Amino acid sequence: MTFETLGLHTSILRAIADSGYTEPTSVQVQAVPAAIAGRDLLVSSQTGSGKTAAFMLPALHKFASAADSIDVSAADKTPNQERQSARSRGERPRFQAAKPKMLVLTPTRELALQVTTATEKYSAYSRKIKAVSILGGMPYPKQMQLLSRNPEILVATPGRLIDHMESGKIDFSELEILVLDEADRMLDMGFIDDIEKIVAATPETRQTMLFSATLDGVVGNMARRITKDPMIIQIAGSATKHENITQKVHFVDDLSHKNRMLDHLLRDASVDQAVVFTATKRDADTIADRLNIAGFAAAALHGDMHQGARNRTLDALRRGQVRVLVATDVAARGIDVPAITHVFNYDLPKFPEDYVHRIGRTGRAGRNGVAISLVNHAEGINVKRIERFTKQLIPVDVIEGFEPKKSAVASRSTARKPGGWKPGDARSSGTGYGNSNGNSNSNGNSSKPGQRTFSKPNSPSASSGSRSEGSGSGGGYKGSNSRFGDANGNRRSFGDR
Ligand code: ADP
Ligand code: MG
């Protein structure tokens, strides 16, 4: 299959060739012709599968084809031109609301900027198409200036867009295409009312395309309300396979063990660039600082940073000046940097869906990637939740010299039969991985001379390390290559998430 056979406008084919894409991805193969034909779409496919182009290429095709058939001199004046001619007629210039033809809603600013950048790339030869991002955190005058250019394509986060709609700066009466990118995430973030309001302000005749990790539940309900006879495209199901990403779990005894292991893993020659995920903004800062002291080019990325700082960090990451990005979930959503070879979960995500989004930061555009979760023993249950969601088992691995003390003890003491894992085991056995010998005081004991540790005894999250000091005696994870399931793992039911 080629992009030519998808029936795209020649100006877009040129831009695709410049982007180095040789053939469409599966989601593009299915979505592009249907979207060109004007169908509404509901799409779920894994991160990194090329969804941006799946909605943007057909939209650009439509605008480019329409531009071909319009007499240039008869084209509408932009609000700026209107203003100028009003001035020359001695009238007071009247603000003209922007009338975009396409709106893309995204959950985060980063993602919006990324979609805009991709749009600029795909429309490089379609001179008359302008795309702008309207984002929270951007100075108001700058936004007004962008809107006054009357862009065809608006990429926006819902909150800020509502402000502009309510003050009459944007008029959606001529909107032809509405895209909800990462709709599930927007709902998670509480944007449902904003989205409903925005949708209600657009014409019934619009084409709607919705992208989401899942099309079940709340997202599915909304999707059905706002689309007409949609074509449903589900690639690899809602739980994505990520077959190009090697996933592993390393058990750690405590924070010091975790920090030493992270340091060790980051020094691996196969790490080009990496993202380290933390649960809190504060940890992101602390760990980035520590890694910098340890000699890594590290930087934090989280929602408390100003937009300018976030953009600078992302630029530095793209240019390779930052090698290790330490980020929280929301900030890292949608980051698309091909040189990211590794994702580390310093903390596990709160929701299994976020695990999928996190590991999707690596293995972009068909490359291979590695995703490693550093998990303290009490978090085994969370690993299982992730496994149920992704319908995949994540192998447990052990690095020589970094063996966790507890799982060794647990596996010796429990002598589990192969296949002995049952759903609920870990729950019923408490933390299940502990001995009661007080390993919590072992911080740093086994660190080799000259090896840096990131031990932070007073940090608030130190307590999460000690929570793993369970007294349970059963249900241990075994050592290297053990899994939570077994050879018969395919009998495990994943329906109970
Ligand atoms: P998604 O939204 O599905 O997570 P993106 O649209 O962000 O994925 O695309 C992921 C990466 O794949 C981007 O770097 C993009 O440039 C690249 N890409 C998209 N389509 C193709 C293609 N047909 N061939 C090669 N690379 C592609
Ligand atoms: Mg995307």
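Treat the numbers as computed from the prediction; the structure is a model and nothing was measured. Ligands are counted one by one from 1 in listed order, and the atoms in each one are counted from 1 as well. The analysis underlying the following values was restricted to heavy atoms, covering all of them including side chains, and did not include hydrogens, waters or symmetry mates.
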Ile134 backbone acceptor or donor facing Arg160 side chain under 3.5 Å: no

Does the ring centre of His61 sit less than 6.0 Å away from the ring centre of Tyr122? no

Protein residue, atom and distance nearest to atom 20 (N) of ligand 1, heavy-atom basis: Gln28 NE2, 2.8 Å

among protein heavy atoms, the one nearest atom 12 (O) of ligand 1 is Ala365 CB, 3.5 Å

Exam field: side chain Arg109 to backbone Gly136, donor-acceptor pair closer than 3.5 Å: yes

Would you find a donor on one side and an acceptor on the other, under 3.5 Å apart, between the side chain of Thr202 and the backbone of Val199? yes

Close-contact set for ligand 1 against Thr52 heavy atoms, below 4.0 Å: 2 (O), 5 (P), 6 (O), 7 (O)

So is there a nitrogen or oxygen of Gly50 less than 3.5 Å from a nitrogen or oxygen in ligand 1? yes

Atoms in ligand 1 flagged as close to Ser49, the criterion being non-hydrogen separation under 4.0 Å: 1 (P), 3 (O), 8 (O)

Just need the protein heavy atom nearest to atom 1 (P) of ligand 1, so name the residue and atom and give the distance. Gly48 N, 3.4 Å

I'd like to check the ring-ring contact (aromatic ring centres under 6.0 Å, His included) partners of His250; sequence neighbours left out, ordered by chain and number. none

Salt bridge (charged side-chain N to carboxylate O under 4.0 Å, His left out) partners of Glu120, counting only residues at least two apart: none

Considering only protein heavy atoms, which is closest to atom 11 (C) of ligand 1, and at what distance to one decimal place? Asp336 OD2, 3.7 Å

Atom indices of ligand 1, in the order listed, that fall short of 4.0 Å to a heavy atom of Lys121: 16 (O)

With no hydrogens and no angle check, is any side-chain donor or acceptor of Lys51 less than 3.5 Å from a backbone partner on Ser45? yes

May I ask you to say whether Asp285 pairs ionically with Lys281, meaning some side-chain N is under 4.0 Å from a carboxylate O? no

Could you name the option among Tyr21, Phe211, Phe55, Phe3 that has the heavy atom nearest to atom 24 (N) of ligand 1? Tyr21

Is there a polar contact between ligand 1 and Arg364, counting only N or O atoms under 3.5 Å apart? yes

Contact atoms of ligand 1, heavy-atom distance to Glu23 under 4.0 Å: 22 (C), 23 (N), 24 (N)

